[in-house]
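Report on the structure given below.
Atoms considered below: every heavy atom in the structure, side chains included; atoms not considered: hydrogens, waters and symmetry mates. Counting starts at 1 for both ligands and their atoms, following the listed order. If you read the sequence from its start, that first residue is 1, and numbering goes on from there. Please read these numbers as outputs of a predicted model, since none were measured by experiment.
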Amino acid sequence: MYRFKTDLKHSDITPQASFLNRRDLIVGAAGLAVAGSIGGSVKAGTKMMGIKSIYSSDEKQTSSENAMSYNNFYEFGTGKSDPMDYADKLTTDPWSVEIGGLVNNPGHYSIEDILKDVTLEERIYRLRCVEAWSMVVPWIGFQLSDLIAKADPTGSAKYVAFETLYRPEEMRGQKSRSIPWPYVEGLRMDEAMNPLTILATGMYDEALPNQCGAPLRLVVPWKYGFKSIKSIVKITLTEKEPPTTWNKISAREYGFYANVNPEVDHPRWSQSSHRPIGGGLFAKRETTLKFNGYGDDVARMYAGMDLQKFF
Ligand SMILES: Nc1nc2c(c(=O)[nH]1)N[C@H]1C(S)=C(S)[C@@H](COP(=O)(O)O)O[C@H]1N2
Ligand SMILES: [Mo]
């Protein structure tokens, strides 16, 4: 079902990249005319293109209307349509990401700085939520490993911690104590460096809409959706496993790893199947594949680990 190979290096799969003006990849002509400067290039709805990636799946895509109106983004409320209804309040320009911890090049990186050194790709990935629904989205993004390399981690970095913006004036959900703020997530270094792991800046050929995590969110296709932290403002390389929001809320329900695994049920429901969103209430459920179908590429990272224990 998936068309990708791991024996290819990233540089092998984007041969044209070095010939192309990176700015042309970020915004099309229409976007530039509106934006006037690259500063506007990550504004929601701006045209954004990526090179087709061999890491893409060829599954049937969810409609953009469905993918942009059924979201989990508790910063805007706990209802699925709250993000669509309230996220337009969020200012995403200017935006910078503070990269620190065990790196040789710490600092505040603007989105423009980040984008000028990466290759944007389109990658069709299924987002499989722990609540057992899923959507298939053509993401536009770049490999997280490229940004980590730019920050130049020291030898003692073992994990990568992520943090979402905390700005209750613009994120009305943060005025309530539904979950602890800011939202935080983490990956082990090898997971973060895996070529399947991307930072997305767009979807469906446009810059990310706010409700989907503008201007920068993580997408880790073999893990449950809650690992895909949105609107990231901070990335810290650490020696110890960082805390993660859902694990803090309920450690017995949500582990640090959160690998999609039909063999390990959530304590309150089965993980063996999922409901594609947009199909209506009576849509046929689909079978969930271990590691969301990416076992050939990621299973070896967990060799020897008891996945019932490290869920
Ligand atoms: N900051 C932040 N990131 C978040 C969440 C959130 O509430 N806040 N929800 C997570 C969950 S549970 C899921 S399933 C995905 C949903 O992503 P989508 O709305 O783009 O489908 O975002 C994840 N990222
Ligand atoms: Mo989720």
Side-chain angles (χ1 to χ4, degrees), residues 44 61-87 90 92 95 97 123-141 161-168 170-187 197-204 206-235 243-250 253-255 258-260 266 268-269 271 274-278 288 292:
Q61 291 171 29
T62 303
S63 75
S64 60
E65 291 77 14
N66 281 311
M68 294 176 186
S69 59
Y70 191 90
N71 302 103
N72 271 344
F73 199 171
Y74 279 27
E75 282 80 347
F76 297 103
T78 56
K80 301 299 179 207
S81 55
D82 287 342
M84 168 183 66
D85 290 343
Y86 302 116
L90 178 66
T92 58
W95 193 276
V97 181
R123 294 194 181 188
I124 300 166
Y125 281 163
R126 177 186 298 279
L127 181 139
R128 178 24 172 110
C129 176
V130 74
E131 295 169 287
W133 48 267
S134 86
M135 55 170 84
V136 178
V137 171
W139 305 99
I140 314 283
F162 302 86
E163 198 173 302
T164 293
L165 178 70
Y166 177 71
R167 192 185 286 162
E170 292 184 359
M171 298 175 125
R172 71 203 302 269
Q174 288 180 331
K175 291 180 179 146
S176 107
R177 299 207 187 157
S178 52
I179 61 173
W181 310 112
Y183 194 96
V184 290
E185 256 305 336
L187 294 172
T197 303
I198 59 167
L199 284 171
T201 53
M203 59 200 277
Y204 300 94
E206 289 183 359
L208 282 178
N210 287 358
Q211 65 268 34
C212 295
L216 191 70
R217 57 91 59 86
L218 189 65
V219 184
V220 192
W222 71 96
K223 292 180 182 282
Y224 290 119
F226 68 86
K227 299 300 279 186
S228 294
I229 181 171
K230 293 171 169 173
S231 305
I232 297 166
V233 289
K234 197 170 173 189
I235 298 178
T244 65
T245 292
W246 286 99
N247 182 255
K248 285 195 285 187
I249 294 167
S250 177
E253 295 177 77
Y254 312 103
N259 292 320
V260 173
H266 183 278
R268 292 184 281 136
W269 60 81
Q271 292 294 16
H274 56 260
R275 178 176 57 83
I277 67 151
T288 296
N292 219 9

Practice problem: Just let me know how Lys227 lines up against ligand 1, side chain, backbone, both or neither, with a heavy-atom cut-off below 4.0 Å. | Solution: neither
Exercise. Give the contacting part of Leu127 toward ligand 1: side chain, backbone, both or neither, where contact means a heavy-atom distance below 4.0 Å.
Key: side chain
Quiz prompt | Mode of Met135 contact toward ligand 1 - side chain, backbone, both, neither (heavy atoms, under 4.0 Å) | solution = side chain
Self-check item: Heavy atom of Glu131, distance to ligand 1 below 4.0 Å
Solution: no
Quiz item: Can you tell me how far CZ of Phe162 sits from CG of Leu218, rounded to the nearest 0.5 angstrom?
Solution: 5.0 Å
Quiz item: Do the two ring centres, one from Trp133 and one from Tyr70, sit under 6.0 Å apart?
Solution: yes
Exercise. Would you kindly specify which portion of Asn71 sits under 4.0 Å from ligand 1, judged on non-hydrogen atoms: side chain, backbone, both or neither?
Key: both
Quiz item: Quick one: does Ser231 get a heavy atom under 4.0 Å from ligand 1?
Solution: no
Practice problem: Identify whether the distance between the nearest side-chain nitrogen and carboxylate oxygen of Glu185 and Lys223 falls below 4.0 Å. | Solution: no
Quiz prompt | Tyr74 and ligand 1 - part of the residue with a heavy-atom distance under 4.0 Å | solution = both
Quiz prompt | Nearest-contact summary for atom 24 (N) of ligand 1 - protein heavy atom, Å | solution = Ser228 O, 2.8 Å
Quiz item: Is a side-chain donor-acceptor pair under 3.5 Å present for Asn71 with Lys80?
Solution: no
Exercise. Would you check if the side chain of Lys230 reaches a backbone N or O of Asn72 as a donor-acceptor pair within less than 3.5 Å?
Key: yes
Exercise. Could you tell me the separation between the CG atom of Asn66 and the CD atom of Gln61, rounded to the nearest 0.5 Å?
Key: 12.5 Å
